[in-house]
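Each remark here refers to the structure printed beneath this line.
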There are 2 protein chains.
Amino acid sequence: MNLRQLSAFVAIHEEGSFSRAAERLAATQSGLSMQIRNMEERLGLRLFERTARGVTPTEAGRHLYGVAVDILHRLDAAEIDLRNLSKIVSGPLAVGLMPTFTRGVLAPVLSDLIADHPDVTLRVIEGYSALLVEMVAAGELDFAVVPHPVTREGLRVEAFGRDREILVMRAGGARAHLAPAALAEIASMKLVLPLRGNARRDRLEAAFAESGLVPEATLDMDAMIATLDFVARSDYATILPATICTADLGGAERWLHPIVDPALSVNYALISPATRAMSPAARAFLDRLRIAHAESDARWTRIFAEGPAARRSQPKN
Amino acid sequence: MNLRQLSAFVAIHEEGSFSRAAERLAATQSGLSMQIRNMEERLGLRLFERTARGVTPTEAGRHLYGVAVDILHRLDAAEIDLRNLSKIVSGPLAVGLMPTFTRGVLAPVLSDLIADHPDVTLRVIEGYSALLVEMVAAGELDFAVVPHPVTREGLRVEAFGRDREILVMRAGGARAHLAPAALAEIASMKLVLPLRGNARRDRLEAAFAESGLVPEATLDMDAMIATLDFVARSDYATILPATICTADLGGAERWLHPIVDPALSVNYALISPATRAMSPAARAFLDRLRIAHAESDARWTRIFAEGPAARRSQPKN
DNA sequence: TCTCTGCCATCACAGAGGCTGATGCCATGA
DNA sequence: TCATGGCATCAGCCTCTGTGATGGCAGAGA
């Protein structure tokens with residue numbers, strides 16, 4: 001049993017198909033077929049049941065999957081450890097982030113990282129969670145941060161942090177900048193929301209439903225930046241994670257309103273390929289991202305706390 | 001980095017030499033040399049410092065050793081698990097035991113094992129600890145039980161149990177069968193003891209020294225069975241682990257005397273190759289051996305407890 | 001029921017990579 | 001200074017693995 005076989009096995013298990021796994025590994029279907037056959041012969045048992053639409057793991061296969069992922073991860077971690085025992089942080093790093101982060105906190109993280117570790121070759125991929133999840137699972141990204149929950153084989157999932165949902169409207173409206181808005185009020189507004197199927201949309205709809213509400217008028221749009229632009233020049237409002245709104249704290253183009261009754265939050269997950277370990281470069285990026293996110297969160301905590309005061313000094317209407 | 005390289009690395013680390021590792025792996029020195037070179041090039045660092053008398057691991061090498069042993073062990077365990085998910089216990093099993101065990105408790109263990117698992121091909125190697133340790137380290141044995149402490153790279157060491165040291169004399173002497181003997185009395189007897197360097201001999205000498213004693217007359221002999229024979233037909237006494245004396249509990253040929261003031265004990269260690277996992281056959285053998293040893297130990301506990309009574313009913317002299 | 005499609009198994013062949021055995025070089029110790 | 005033991009290197013071989021083509025099978029849709 002060798003490591004090639006082991007990673008082939010893992011890929012097939014995750015893809016549920018020899019052909020797709022071959023594609024992902026840049027190998028051939030027949031090659032994988034032979035590898036699995038060899039493993040099965042050696043072990044004297046079947047690892048996959050072959051069906052007409054792919055393969056499903058046997059009990060033995062499921063058992064092996066856990067062990068294999070663990071072993072490959074350990075080995076990768078060891079290799080990274082060794083390679084960096086006495087080396088500067090360097091190498092390629094591919095990170096997947098949602099617009100929330102790229103707009104909200106990426107810039108300082110980036111300049112900080114580049115200043116400290118100029119030898120890191122960085123690629124940041126901006127995208128929505130479904131895309132990022134697939135790219136991480138395919139090993140194309142070192143890690144990504146996406147909304148929890150994530151359930152996909154082949155991913156190592158870890159809690160990353162929390163964010164608050166904020167109502168965003170164009171500046172100059174009836175409600176003062178930073179004055180809170182109750183969910184019941186929001187339901188009667190004209191809203192731009194992400195498409196159904198998007199994790200945040202489902203989460204929002206559930207929150208409305210829990211309060212017995214249904215948003216009256218919605219425009220569905222899976223494009224946060226475009227949404228922000230649109231909101232700034234129309235009477236539509238939208239609901240966005242606090243982090244992405246950091247740039248609007250000044251209240252120049254958009255006014256922000258913490259959502260209350262109830263407050264809504266998003267949990268983020270850090271996802272990485274299950275068999276790979278974090279490189280020092282990835283760790284360096286992540287540390288800074290965590291810090292930046294925590295700072296942003298702290299800022300919003302203050303704002304939520306000061307909300308009533310703001311309302312008093314700038315009375316609504 | 002593949003598994004062949006990893007096991008080559010482990011063997012070299014343990015042997016401290018490419019040549020010796022090659023011998024152990026039934027490979028060639030040049031082959032190992034190339035494998036390590038490839039690993040080193042890949043990692044961009046040196047794993048071994050080459051000296052004229054062999055190799056010593058670098059810091060990176062020492063680090064990798066721990067990880068490599070762990071990975072190989074996990075993989076072996078997984079393979080064994082899988083292979084036996086739905087199979088009867090079978091396969092070859094090589095076990096190393098000291099005469100203590102082969103004479104003391106092996107027979108019932110064996111017949112029990114063979115009855116339950118007829119497909120196990122068993123080889124029992126009888127030998128002293130140094131030999132067994134080497135054989136286990138070389139991967140020739142699935143496991144062995146030897147006196148603690150054991151310090152040798154490449155071994156997984158686990159406590160196995162304890163045994164008591166017993167004074168053995170020919171039958172019909174002045175001291176009643178099973179009557180205790182104090183260490184001070186023993187020091188003045190003619191004793192057959194294992195050779196210096198043997199773990200038990202060193203342990204015994206230390207015990208004497210702690211009580212300010214020096215054995216007066218000793219015959220050095222590293223052969224337990226021969227010692228037992230010799231003691232039965234001479235006025236020499238010897239000190240042996242209780243387990244080996246089980247057959248003499250009847251008192252026909254030899255009389256046994258628990259040692260007191262102080263009581264002496266031996267600790268046994270179960271050793272197995274660090275990178276290999278216990279096969280079900282090995283586990284089955286071990287379970288039975290543990291039980292047999294525990295029963296023997298319990299029997300001796302009773303005897304120690306009843307010692308004074310025995311002395312009263314059969315007054316000394 | 002028939003066909004079409006997608007998937008996996010098998011095979012012969014080509015390629016790569018690792019292993020071997022010989023040789024060379026170096027350090028050590030007598 | 002020489003003998004010894006140990007590792008590095010090299011050319012060639014050989015094994016083993018992956019490739020690409022082909023075939024068979026099962027399910028989905030008409």
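Note that the structure is predicted; figures quoted are calculated from it, not measured. Just so we're on the same page: letters track the sequence lines, and every chain starts at 1.
- Here the closest heavy-atom approach between residue A:Arg200 and residue A:Pro194 is recorded as NH1-CG, 3.9 Å.
- When the P atom of C:dG17 is taken as reference, atom CZ of B:Arg42 falls 13 Å away, rounded to whole Å.
- What separates CZ of A:Arg37 from P of C:dT10 is a distance of 5 Å, to the nearest Å.
- Residue contacts shown for B:Gly54 are limited to sugar-phosphate atoms, with no base heavy atom under 4.0 Å away.
- Summary of the strand contacts: A:Gln29 and B:Gln29 both lie near DNA chain C, and taking for each the nucleotide with the nearest heavy atom, the more 5' one is attributed to A:Gln29.
- Between the C1' atom of D:dT19 and the CZ atom of A:Phe18 lies a distance of 16 Å, rounded to the nearest Å.
- The side chain of A:Ser17 contributes no N or O atom lying less than 4.0 Å from OP1 or OP2 of C:dC7.
- For D:dG20, its base sits under 3.5 Å from the side chain of A:Ser30 at one donor and acceptor pair at least.
- Within the structure, every side-chain polar atom (N or O) of A:Thr51 is placed at least 4.0 Å from both OP1 and OP2 of C:dC7.
- When the P atom of D:dG18 is taken as reference, atom CG of A:Leu25 falls 11 Å away, rounded to whole Å.
- An OP1 or OP2 oxygen of D:dG5 is reached within less than 4.0 angstrom by no side-chain nitrogen or oxygen of B:Ser19.
- Comparing A:Ala52 and B:Arg53 by the nucleotide of DNA chain D that holds the closest heavy atom to each, the one mapping nearer the 5' end is B:Arg53.
- Atom CE of B:Met34 and atom C1' of C:dA22 are 14 Å apart (whole Å).
- One finds the CG atom of A:Leu75 at 13.5 Å from the CZ atom of A:Arg276 (value rounded to the nearest 0.5 Å).
- For C:dG18, neither phosphate oxygen OP1 nor OP2 lies less than 4.0 angstrom from any side-chain nitrogen or oxygen of B:Gln35.
- The number of heavy atoms from other shown groups lying within 6.0 Å of CD (B:Glu140) is above 12.
- Relative orientation of the B:Phe9 and B:Tyr65 rings is tilted, given thresholds of 30° and 60° on the angle between their planes.
- In this structure, A:Thr28 does not reach the D:dG18 phosphate: none of its side-chain N or O atoms is under 4.0 Å from OP1 or OP2.
- Regarding A:Asn38, its CG atom lies at a distance of 13 Å from the P atom of C:dC11, rounded to whole Å.
- Minimum interatomic distance between B:Thr102 and B:Glu126 (heavy atoms only, all atoms of both residues): OG1-OE1, 2.6 Å.
- For the pair A:Gln5 CD and D:dT17 P, the computed distance is 7 Å after rounding to whole Å.
- Side-chain N/O atoms of A:Arg4 include one lying less than 4.0 angstrom from OP1 or OP2 on D:dG18.
- Protein atom CG of B:Leu32 is 13 Å distant from nucleotide atom P of C:dG18, rounded to whole Å.
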